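Take a look at the structure set out below.
Predicted model only: the values in this text are computed from it and were never measured. Chain letters run A, B, ... following the sequence lines, proteins first and then strands; every chain starts at 1.
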Amino acid sequence: MRMSRYFLPILKETPADAQIVSHRLMLRSGMIRQASAGIYSWLPLGYRVLQRIERIVHEEQIRVGHNPMLMPTLQSADLWRESGRYDDYGEEMLRITDRHGRDMLYGPTNEELITDIVRSSVQSYRDLPLTLYHVQWKFRDEVRPRFGVMRGREFLMKDGYNFDVDRESAIHAYNRHMVSYLRTYERMGLKAIPMRAETGPIGGDHSHEFLVLAETGESAVFFDSRILDLSLGGRDVDTDSSEDCAAVFEAWTAPYARTDETHDPAKFEAAVPEDRRMNSRAIEVGQIFYFGTKYSEPMDARVVNEDGDRVFVHMGSHGIGVSRLAGAIIEASHDERGIVWPESVAPFHLGIVNLKQGDGDTDSASERIFARAGAAGLDALYDDRNERAGPKFATMDLIGLPWRITVGPRCLRAGMVELTCRRTGETDELEPDAAIERVRLSCHGP
RNA sequence: CGGAGUGUAGCUCAGCAUGGUAGAGCACUGCCUUCGGGAGGCAGGGGCCGCAGGUUCAAAUCCUGCCACUCCGACCA
């Protein structure tokens with residue numbers, strides 16, 4: 001993409017309304033624009049990030065055998081009356097009446113809709129276990145939206161639902177989700193800690209939230225520092241094996257880790273030596289639930305089991321805040337100059353800065369690098385504006401692309417360009433093809 | 001939902017106490033100089049001063065109502 005043709009409305013000054021760093025940087029870098037309280041437009045740069053996050057979420061869901069689909073944003077109130085939540089959910093649910101006077105709602109979640117789909121299509125335990133999910137916009141009419149996309153009213157969420165014949169199978173689904181979520185967050189460069197959670201309006205008796213440590217987080221968290229040492233890394237977990245998933249669950253839930261909602265100071269002190277007791281703020285980026293037959297009973301979702309009995313299906317639901325993750329990643333990865341994107345979610349892999357736009361040599365060298373980068377499978381943002389060096393560097397730093405290739409007359413005389421790593425600031429002089437190859441290796445591997 | 005604020009150019013803000021031709025910086029347009037970390041000069045363009053009433057010869061400014069947005073708290077898969 002050529003910057004001269006890209007819509008990148010960056011701001012030099014910080015908008016007055018933005019309180020936290022991710023909100024400020026998303027506005028300044030032209031990723032988002034507020035449409036109304038808690039509702040945002042995603043501008044081209046932000047949309048790229050959102051799509052890359054969403055794609056990782058999909059890949060990790062599909063990897064463990066879950067079925068992608070898409071449910072509507074608007075739902076009929078009837079299903080919610082059936083489950084009893086139409087009255088229970090409260091003011092957070094945006095209720096709408098259509099032209100025929102029918103009660104509708106903008107979905108805050110999809111347990112009812114998915115249960116309705118499954119109960120009419122699945123009659124036998126032979127069709128289970130089954131996990132369906134989608135990534136769709138949700139609306140929750142928060143009393144007080146704030147912090148940009150971190151607590152918006154309209155937000156993009158991946159929500160998934162598992163259906164199992166009994167509790168044992170559903171617990172496997174629960175543990176499998178924990179494995180899958182841990183890997184999802186790790187791919188985004190985040191250290192997300194599972195913490196025992198309250199179940200809230202979703203209900204159920206078994207739930208963990210995933211929290212990313214950040215000063216500006218809305219939750220207070222208490223944990224054993226040992227949990228920070230855990231990492232899936234390249235470990236190959238067989239997610240079809242309930243033993244393998246349970247082992248991961250055990251490993252990640254053994255160290256004490258709770259939010260202020262479930263924190264038990266006495267237990268904390270008894271279980272964790274003082275030098276490992278940590279407390280911090282954190283951002284919730286996902287949650288998993290097992291809630292048994294909470295929805296299948298009122299909605300009469302049953303299957304015939306091996307013994308020929310009609311039994312209520314056991315269910316769980318699982319969510320990842322896709323749009324919130326864009327903010328959370330920035331909270332976890334930025335410096336005084338701007339965003340520092342992890343390669344996996346960066347809007348472009350690299351930026352190309354032509355320091356002397358209009359000069360035949362730097363223009364042709366920059367164009368050639370831009371073309372080569374594309375051929376190497378890299379998304380590059382080529383700053384071909386007729387600007388001075390200062391604004392060009394400042395823009396690249398602000399939008400936080402992992403790599404920058406600087407093409408200037410000084411180095412070019414020796415046939416070299418500069419390759420700069422956004423995270424470390426390290427700069428090397430290399431031949432153009434070598435610079436591209438290094439970026440390609442870093443982003444795509446050998 | 002309680003409490004506190006703010007709405008003036010695309011952005012950040014001044015002007016409002018004491019009513020009298022709507023301002024600055026950045027951004028934008030043109031020309032010139034500059035050219036490896038947010039340059040400088042000159043000349044321009046851009047506003048229903050959130051909306052609606054009221055007071056007044058005269059309202060961005062005073063009064064009333066409404067709307068929007070923000071902050072603190074409560075709330076929050």
### Message
Check whether A:F222 forms a cation-pi arrangement with A:R258 (NZ or CZ under 6.0 Å from the six-membered ring centre, at most 45° off the ring normal).
### Response
no
### Task
Kindly write out the residues that satisfy salt bridge (charged side-chain N to carboxylate O under 4.0 Å, His left out) with A:R438, not counting sequence neighbours, or none if the list is empty.
A:D428
### Query
Between atom NE2 in A:H23 and atom C1' in B:C71, what is the gap in whole Å?
13 Å
### Value in whole Å for how far the C1' atom of B:C76 lies from CD1 of A:I283
16 Å
### Message
Can you pull out the residues from residues 57-74 of chain A that lie within a 4.0 Å heavy-atom distance of RNA chain B?
### Response
none
### Task
For A:E418, report the nucleic acid contact type (base, sugar-phosphate, nothing); a contact means any heavy atom under 4.0 Å.
base
### Task
Can you label the angle between the A:Y181 ring and the A:Y185 ring as parallel, tilted or perpendicular, going by 30° and 60°?
perpendicular
#### Entry: Counterpart residues, side chain to side chain donor-acceptor pair (under 3.5 Å), relative to A:E431 (two or more places apart)
none
### Message
Pick the closest RNA chain B nucleotide for A:L355 and for A:H318 by heavy atoms, then say which residue is nearer the 5' end.
### Response
A:L355
### Message
Is it the case that the ring center of A:F312 lies less than 6.0 angstrom away from the ring center of A:Y295?
### Response
no
### Task
Grab the CG-C1' distance between A:D17 and B:G5 for me, whole Å please.
12 Å
### Message
Quick check on contacts: within residues 28-56 of chain A, what sits under 4.0 Å from RNA chain B by heavy-atom distance?
### Response
A:R28, A:Q34, A:S36, A:A37
### Query
Should the pair A:E82-A:R119 be classified as a salt bridge under the 4.0 Å nitrogen-to-oxygen rule?
yes
With the criterion being N/O to N/O and under 3.5 Å, what pairs connect the protein with nucleotides 26-34 of chain B, and how long is each?
residue: B:U34; atom: O2; partner: A:R388; partner atom: NH1; Å: 2.7

### Message
With a 3.5 Å cut-off and heavy atoms only, can you find an N or O donor on one side and an acceptor on the other between the side chain of A:R404 and the base of B:G37?
### Response
yes
### Query
B:C76 base to A:R151 side chain: any donor-acceptor pair below 3.5 Å?
yes
### Query
Which pairs pass ring pair (Phe, Tyr, Trp, His ring centres under 6.0 Å) with one or both residues in residues 317-341 of chain A, sequence neighbours excluded?
A:H177-A:H318
### Query
Would you call the rings of A:Y256 and A:H263 parallel, tilted or perpendicular if under 30° counts as parallel and over 60° as perpendicular?
perpendicular
